[in-house]
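Residue numbers start at 1 and run along the sequence shown. What you see is a predicted model; the values in this text were computed from it and never measured. Counting starts at 1 for both ligands and their atoms, following the listed order.
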Amino acid sequence: MASTRNLNRFWEWGRKIICVGRNYADHAKELKNAVPTEPVLFLKPPSAYVTEGSAIMVPFYSHNLHHEVELGVVIGKGGTAIPQNAAMDHIAGYALCLDMTARDVQDECKTKGLPWTLAKAFNTSCPVSEFITKEKIADPGNVKIWLKVNDQLRQEGNTSQMIFSIPFLISYISEIITLEEGDLILTGTPKGVSSVQEHDELQAGIEGIVSMKFRVDRPE
Ligand SMILES: CC(=O)CC(=O)C(=O)O
Ligand SMILES: [Mg+2]
């Protein structure tokens with residue numbers, strides 16, 4: 001049965017945020033990571049969401065917060081082990097997302113063999129744009145995404161560069177983690193990630209579709 005809940009404010013649903021790492025070869029290489037042969041997955045909690053008008057907070061334990069601009073896929077119809085050829089039917093729409101990453105903490109976690117939770121899942125680590133209905137993006141596998149810091153272009157990529165396609169990711173993830181209406185999948189970032197500081201202004205967009213703006217702040 002179709003849901004009567006409105007996905008326009010999907011971030012208020014409190015559902016899962018599933019992130020794909022190293023899905024662009026140029027980004028994997030810039031961080032000297034191997035190009036993966038299977039998707040790299042991690043999670044953010046719903047408390048990571050932040051929307052325009054609120055600030056991205058640098059976690060108190062980090063001195064190297066990075067931006068990662070990514071296309072987000074909002075799930076409209078849940079499922080388990082969704083076949084690739086049905087995957088697009090499970091999408092309600094999209095959002096532009098930032099996977100804010102405490103890179104210094106992530107590097108330490110990697111060295112110590114620890115999970116990335118402190119680096120990736122802190123409050124405000126998932127800034128999102130307005131909800132973009134599915135009809136507004138004819139081919140999510142071919143859109144240009146970009147990010148500027150204080151008006152300087154830092155990231156520019158096309159989702160056609162993804163190693164694992166959106167249908168493949170939906171199918172792969174749903175075999176392991178049942179997808180539910182309101183879940184968000186972050187599909188990975190292209191090259192150009194870099195450090196942001198308190199008071200910086202981040203602007204990001206999907207060309208011709210949406211743009212968004214966030215300020216960076218640090219707790220007192
Ligand atoms: C190395 C990473 O932080 C992976 C990641 O999140 C990505 O988007 O790639
Ligand atoms: Mg990422």
Side-chain angles (χ1 to χ4, degrees), residues 11 16-50 56-59 61-74 94-129 140-141 143-149 154-166 168-170 172-173 176-177 183-196 202 204-206 212 214 216:
W11 52 87
K16 302 182 288 297
I17 306 171
I18 302 147
C19 307
V20 180
R22 303 176 186 163
N23 199 21
Y24 289 74
D26 57 2
H27 169 61
K29 283 179 193 154
E30 77 178 340
L31 292 188
K32 305 199 170 18
N33 292 313
V35 174
T37 51
E38 283 212 26
V40 174
L41 301 183
F42 57 93
L43 296 170
K44 289 180 190 270
S47 47
Y49 278 127
V50 58
I56 298 167
M57 302 301 283
V58 182
Y61 48 82
S62 173
H63 296 282
N64 191 15
L65 181 63
H66 274 197
H67 54 78
E68 295 189 0
V69 68
E70 312 199 0
L71 178 67
V73 176
V74 181
Y94 305 93
L96 185 63
C97 307
L98 305 183
D99 168 17
M100 298 305 297
T101 302
R103 196 69 71 198
D104 47 352
V105 179
Q106 188 189 34
D107 289 344
E108 201 180 323
C109 292
K110 282 189 203 165
T111 308
K112 293 183 177 166
L114 295 173
W116 294 356
T117 310
L118 292 184
K120 293 280 197 180
F122 54 89
N123 291 346
T124 78
S125 62
C126 190
V128 290
S129 72
V143 290
K144 190 168 149 190
I145 55 177
W146 57 269
L147 179 138
K148 292 179 183 175
V149 180
R154 298 273 178 90
Q155 285 190 273
E156 195 173 27
N158 192 297
T159 54
S160 60
Q161 298 163 328
M162 284 184 195
I163 298 168
F164 304 107
S165 70
I166 290 170
F168 179 86
L169 290 172
I170 289 174
Y172 180 91
I173 293 167
I176 303 161
I177 303 169
D183 283 350
L184 175 72
I185 300 174
L186 266 61
T187 56
T189 199
K191 74 165 192 282
V193 299
S194 69
S195 201
V196 296
L202 308 192
I206 303 175
M212 63 184 192
F214 285 90
V216 179

- Task: Using a 4.0 Å heavy-atom cut-off, say whether T189 meets ligand 1 through its side chain, its backbone, both or neither.
- Result: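 Both backbone and side chain of T189 come within 4.0 Å of ligand 1.
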- With heavy atoms only and a cut-off of under 4.0 Å, state how V40 meets ligand 1: side chain, backbone, both or neither.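 No part of V40 comes within reach of ligand 1.
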Within the distance-only criterion (no hydrogens, no angle test), does the side chain of [X] pair as donor or acceptor with the backbone N or O of [Y] below 3.5 angstrom?
{"X": "D99", "Y": "E68", "result": "no"}
{"X": "S62", "Y": "N64", "result": "yes"}
{"X": "H27", "Y": "G192", "result": "no"}
{"X": "N23", "Y": "T187", "result": "yes"}

- Would you list the protein N, O or S atoms within less than 2.8 Å of the Mg ion (ligand 2), leaving out water?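 E68 OE1, E70 OE2, D99 OD2, with waters left out.
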Which heavy-atom pair separates [X] from [Y] by the least distance, and what is that distance?
{"X": "V128", "Y": "M212", "result": "C-SD, 3.7 Å"}
{"X": "R154", "Y": "S195", "result": "NH1-O, 3.6 Å"}
{"X": "Y24", "Y": "T159", "result": "OH-CA, 3.5 Å"}
{"X": "V40", "Y": "W116", "result": "CG1-CH2, 4.4 Å"}
{"X": "P39", "Y": "V20", "result": "CB-CG1, 4.5 Å"}
{"X": "V193", "Y": "Q155", "result": "CG1-NE2, 3.8 Å"}

Polar contacts were defined as any N/O atom of the residue lying under 3.5 Å from an N/O atom of the ligand; does this apply to [X] and ligand 1?
{"X": "K120", "result": "yes"}
{"X": "R22", "result": "yes"}
{"X": "E70", "result": "yes"}
{"X": "K110", "result": "no"}

- Message: How far is atom 5 (C) of ligand 1 from the closest protein heavy atom, and which atom is that?
- Response: E68 OE1, 3.3 Å
- Where is the nearest protein heavy atom to atom 1 (C) of ligand 1: which residue, which atom, and how far?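 That would be Q106 NE2, 3.6 Å.
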Numbering the atoms of ligand 1 from 1, which are under 4.0 Å from a heavy atom of [X]?
{"X": "G188", "value": "8 (O)"}
{"X": "R103", "value": "1 (C), 2 (C), 3 (O)"}
{"X": "F42", "value": "6 (O)"}

- Message: Below 4.0 Å from ligand 1: does a non-hydrogen atom of L186 turn up there or not?
- Response: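 Contact check L186 vs ligand 1: negative.
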- Message: I'd like to know whether ligand 1 has Y24 as a neighbour, heavy-atom separation below 4.0 Å.
- Response: no
- Kindly indicate whether a cation-pi arrangement holds for K148 with W146, taking the cut-offs as under 6.0 Å to the six-membered ring centre and within 45° of the axis. yes
- Message: Taking NZ in K110 as the centre, count heavy atoms belonging to other residues, nucleotides or ligands within less than 6.0 Å. Is the count above 12?
- Response: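 Yes - once you tally the heavy atoms of other residues, nucleotides and ligands closer than 6.0 Å, there are more than 12.
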